[in-house]
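In what follows, a single structure is set out as structure tokens and then discussed.
Below, all heavy atoms of this structure are taken into account, side chains as well, without hydrogens, waters or symmetry copies. Not measured: the values here are computed from a predicted model.
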Amino acid sequence: MTTISRAVSSLACLAFLLQAPVSSASAQEAPTAPVPAEGAVPEAPPAPVLQTNEEDPWLYRGSNIPHDKAWHFGEMDNGLRYAVRKNGVPPGQVSIRVRVDAGSLYETDAERGYAHLLEHMLFRQSKYIPSGQAIAAFQRLGATFGTDTNAVTSATQTVFKLDLPNATPTSLDETFKLMSGMVTAPTLSADNLKQDRPIVLAEMRERGGAALRVQNAMQETLYQGQPLAERQPIGTLESLNAATQESVRAFYKRWYRPDNVTVIVAGDADPAMLEGYVRKWFGDWQAKGEKAKAPSFGEPAAPKGFAGNNRELAPVGETRVLVEPDLPPSLLVATLRPWNQVVDNIPYNQGLMTDAIAQAIINRRLETRARAGGSFLSASVNTDKISRSADVTFMSVTPLGDDWKEALKDVRGVIADAMTRAPTQEEIDREVAELDVAFQVPVEQERILPGSQLADDLVNALDIRETVASPKDVLRIFRESRALFTPQAVLDHTRGLFAGTVTRALFTTQEEGKVTASALRDALIAPVEPDATARRVANAEPVSFDTLPAIGTPAAPIADQPTGLLDIEELTFANGVKALLWPVAEEPGRVVAKVRFGGGTRSIAPEDAPYLTLGEYALVGSGLATLGLDDLDVISTGRKMGFEFTVDDAAFQLKAETRPQDLEDQLYLFAAKLDLPRWDENPLRRAKAAAKIQYDTFATSPQGILSRDLAYYQHGKDARFATPTPPEIDKATPEGFKRVWSKALAEGPVEVQIYGDFDKAAAIAALEKTFGALKPREDARSTATAPDIAAAQPSTKPVVLHHHGDPDQAAAVLSWPTGGGTLEIRESRQLEILTQLFTNRLIDAVREKLGVAYSPYVYSTWPVDLQAGGAITAVAQVDPKSVDVFYQTAEEIAQDLIANPPTADELARVTEPLRQQVTRAASSTSFFMNQLEGASRDPARFGSVRSVLIDFTQTSPAEMQALAAKYLGEGNSWRLEVIPEEGSGSKVAAK
């Protein structure tokens, strides 16, 4: 049972953006909707009268789950099933999913990778799309390639996805036509195969390395004896290179047929109209021959000759040790049961709810042990039904230090205790309260759930052979089931989690011989004593907001004035705090609180840079006022509260999505963090361990090295943008952490944003007691002693870094410095258009024509809070011998953008998707408030919001050419490449 919710009309702010006048000649000429190839008006769909079976919808047959009446289900004579519904989030968008019930588990040994290969080839050429024109065709419809238009192949299904913005009868008809042609009549020629095979092999190369080796080892070990053990969707080199036009067509013919396909549509249109398009474009598709029988996925097999007494695990079977020097030690233990198709009814879901409570109790106890200084950094238990192959309970452990046996013993001890003695009613009630909030929030926010999510939820339900239900029904069933969640029932379900056919395990270690498969097996079989130390003892004095110290003396705002933008108001307090408030009734049940304070990265001294990283890990966990991290968990039980902390270039930020009834206490937590910080060494200890463990993982792939080092080189080797090394982390002390973050928390300016569903008077009263009561603080910019942030200097000599991954992997970066600040905000937005033009050309050149990279891209950064530091950056993962090919191709494209302006059609293929992206984003308050970060200190940002749609979408070929000349000229760029390390020498280094 998957929760599904209803849609809502757009926010009033959408109309604000759409009123932007069109003044650019190129924008006027750009087509906003496709024109049929023949130039004729498309045939109207059948009359809008639903033909669905509302009495016996196919999804719910055999189930007593209440039907979600928003969905309309139908079946056609050819066997194709469909589901349609109206949804207005975002306004004007229609989300289409075409699901084929076939993935990599449906392949024969010789066909490995065919399901995924077909996914590519269907985009290559089909009945209504000429060869290589799919990207352009969907861009002309306003859909962005890779986000609005995509496909995914898993072990059990292939799904083609399209989120069509600004859906009109004309564009909807064209979209269904194109997608139907792809699925029902692809070309699948030898030439198409020749063009797509290198792209798929490039994708295989990009996804290789240590992470893939672990994934493969995990599947081979846990699902031994089942097809899933050796069926990766990407396939193998041998099978892909051996693929022929005939063999690919044979796989298509076997599985691509109407009685094996479901079309799902959710969007801002009449359901009867949507159904009409499905029937019009898929109704003539006819299957040939008998439908193939789905292959057997097998089931887990019990180990042979098992002997031993094991009080909390199923019989231990296969164990394996994988040596990966750059990955942290980690243990994955899986208890497997056969996957059986369930009757998705209410009792079944009540059982899942009880399972969820049992897991939550165990995981909370494991986290308590880890926080208290246990032998493991982290550990967790979760269940999943994997690819219709096994019903699995996973236990994952990351040891802290070298004693993995002690870590495993400690985790097993917590689990053994959970299986020996029932939890207290207090523990159950706490997890029930958390689940109640999780189920209640979708009810409160039912009207604003995006259609794309609704469609994806139904796809996922079909894949696991289950149903969907409305949030109201899910919440009702849960609350009516409370009496079932007794200590004995939770104990029984806890035991059931670890009962099964076989237990298997994979240990990833950094050193050969440190762990052996037999030692791992022995450690799993060895009996353990139940460990009850992590159980929470009933607190005689419960933690309560009423017992917490006041921030200070409440103070009313000294000014409350409209900003002139929508209904956003600005409050000013005598202590210097400013707040932007925007109550919006159209976002029911959701309110966001955001606090920006201090000076961010630029206010930290370079020698203190490691504390930036450690702060992101540990600052929130250090607590506030009288509350430690455990207390924060308790005090937020049954509430929707958060504590997201991020570091920006020129400010630090606290953010949470909460509910109207929880807003006051959420504001207290944020204000207390600034004014009443608490310092606990345990979170810092865990943060240091986690940061050190993560550091080595970056070296496993080119993309990892870029994640670690690119920002450092883009900012002129500024230490504040570097990822701290293990020796630098080791030097960090609790005293240094407190010194750096005490100063940062005490500095201004402070800007609070509150937006969403809240009562303005109540919010102001809460602000008066929290942020209005803060002590005045100095501006970080006035006290800063740190140097300005620099930018990289142009150079033709590349920075060369090395990774420890596969020898056929490399990455190449070409970057052009740009600028920053708000004065040239229009130019920063125009750069988005330029980089999209660049990306389209780069994809066409290095992916479609040369086949040397799977996902090359170009992006622009422009820090609005700084006057410099922006960049245009082109990136591709390639094989090492193609690095120079990428550089040459990217430079040629850059120079061609300078020499030759884009065509009107090329420009429209970029500006129309951007127009739709901005328009859809503008249906949410978050879009505007993100644009207004820092506006209380820089009022120009209020004005810049008014031009956002124009700036992102209205331009001309000449303007693009001039912008390219300004930034992409020869001699303006610098290069960085990440290539395989030669031999087994030193760690990653620059030459």
Side-chain angles (χ1 to χ4, degrees), residues 371 539 541-557 571 573-579 591-598 615-647 651-684 734 737-754 758 762-778 780:
R371 289 176 181 175
N539 195 339
E541 298 181 3
V543 180
S544 167
F545 278 96
D546 295 335
T547 64
L548 297 178
I551 301 298
T553 303
L571 306 182
F573 292 88
N575 59 4
V577 172
K578 293 192 175 185
V591 55
V592 176
K594 186 189 300 182
V595 179
R596 287 167 57 84
F597 67 93
E616 291 184 290
Y617 279 106
L619 186 63
V620 171
S622 295
L624 54 91
T626 60
L627 303 177
L629 194 52
D630 287 335
D631 296 323
L632 284 170
D633 285 347
V634 172
I635 207 168
S636 60
T637 297
R639 317 280 296 276
K640 183 172 174 56
M641 307 178 80
F643 231 124
E644 179 185 328
F645 175 67
T646 54
V647 177
F652 303 109
Q653 179 173 286
L654 298 168
K655 180 181 178 182
E657 181 178 315
T658 183
R659 300 185 296 172
Q661 60 266 43
D662 297 328
L663 176 60
E664 179 178 351
D665 291 335
Q666 180 70 70
L667 291 174
Y668 174 88
L669 293 179
F670 284 169
K673 186 64 196 175
L674 299 187
D675 219 42
L676 304 170
R678 185 176 182 272
W679 306 103
D680 183 346
E681 293 186 15
N682 276 336
L684 177 61
F737 187 86
K738 181 178 180 180
R739 171 181 57 81
V740 170
W741 285 108
S742 292
K743 178 178 181 295
L745 291 168
E747 290 182 328
V750 175
E751 177 185 271
V752 182
Q753 288 189 355
I754 304 173
F758 66 93
I764 292 176
L767 284 169
E768 290 174 352
K769 292 187 292 185
T770 55
F771 285 91
L774 291 176
K775 296 183 288 291
R777 46 190 53 216
E778 288 189 276

Practice item. Run the numbers on V647 and E616 for side-chain contact (heavy atoms from CB on, under 4.5 Å), then give the verdict. Key: CA-CA 7 Å; V647 177; E616 291 184 290; 3.7 Å; yes
Shortest non-hydrogen contact between [X] and [Y], atoms and distance:
X: D633; Y: T637; result: O-OG1, 3.1 Å
X: G638; Y: R659; result: O-NH2, 3.6 Å
X: L667; Y: A766; result: CD1-CB, 3.9 Å
X: G772; Y: A555; result: O-CB, 3.4 Å
X: A763; Y: L663; result: CB-CD2, 4.1 Å
X: G598; Y: A780; result: C-CB, 3.8 Å

Listed partners of [X] passing salt bridge (charged side-chain N to carboxylate O under 4.0 Å, His left out), at least two apart:
X: E768; result: none
X: D665; result: R639
X: K769; result: E664
X: K594; result: E933

Exercise for review: Kindly write out the residues that satisfy ring pair (Phe, Tyr, Trp, His ring centres under 6.0 Å) with F670, not counting sequence neighbours, or none if the list is empty.
Suggested key: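 For F670 the ring pair (Phe, Tyr, Trp, His ring centres under 6.0 Å) partners, ignoring immediate neighbours, are F643.
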Check your understanding: Residues in ring pair (Phe, Tyr, Trp, His ring centres under 6.0 Å) with F597, at least two apart?
Key ->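 Partners of F597 under the ring pair (Phe, Tyr, Trp, His ring centres under 6.0 Å) test: F652.
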side-chain hydrogen bond (donor to acceptor under 3.5 Å, both in side chains) involving [X] - partner list, sequence neighbours excluded:
X: R777; result: none
X: N682; result: none
X: K775; result: D675
X: Y617; result: Q694

Distance in Å, [X] [atom1] paired with [Y] [atom2], rounded so as to fall on 0.5 Å steps:
X: L684; Y: W741; atom1: CG; atom2: CH2; answer: 12.0 Å
X: K743; Y: E778; atom1: NZ; atom2: CD; answer: 9.0 Å
X: D662; Y: K640; atom1: CG; atom2: NZ; answer: 9.5 Å
X: L745; Y: K738; atom1: CG; atom2: NZ; answer: 12.0 Å
X: E751; Y: R596; atom1: CD; atom2: CZ; answer: 6.0 Å

Check your understanding: Under 6.0 Å from the CD atom of Q661, do we count more than 12 heavy atoms belonging to anything else shown?
Key ->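 Yes, the 6.0 Å shell around CD holds more than 12 heavy atoms from other groups.
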Is there a side-chain contact between [X] and [Y], using heavy atoms and a 4.5 Å cut-off?
X: L619; Y: K673; value: yes
X: V595; Y: L674; value: yes
X: L571; Y: V752; value: no

Return yes if some donor-acceptor pair links the side-chain N/O of [X] with the main-chain N/O of [Y] below 3.5 Å, else return no.
X: S742; Y: R739; result: no
X: N575; Y: L774; result: yes
X: E657; Y: G642; result: no
X: K655; Y: T646; result: no

**Study point:** Derivation of the side-chain contact (heavy atoms from CB on, under 4.5 Å) call for L767 and F573
**Key:** CA-CA 10 Å; L767 284 169; F573 292 88; 3.9 Å; yes
Side-chain donor-acceptor pairs of residues 621-630 under 3.5 Å, sequence neighbours excluded:
from, atom 1, to, atom 2, distance (Å)
S622, OG, A618, O, 2.9
D630, OD1, R371, NH1, 2.5

For residues 544-551, please give each side-chain donor-acceptor pair under 3.5 Å, one per line with the distance, not counting sequence neighbours.
from, atom 1, to, atom 2, distance (Å)
S544, OG, D546, N, 3.1
T547, OG1, S544, O, 2.8

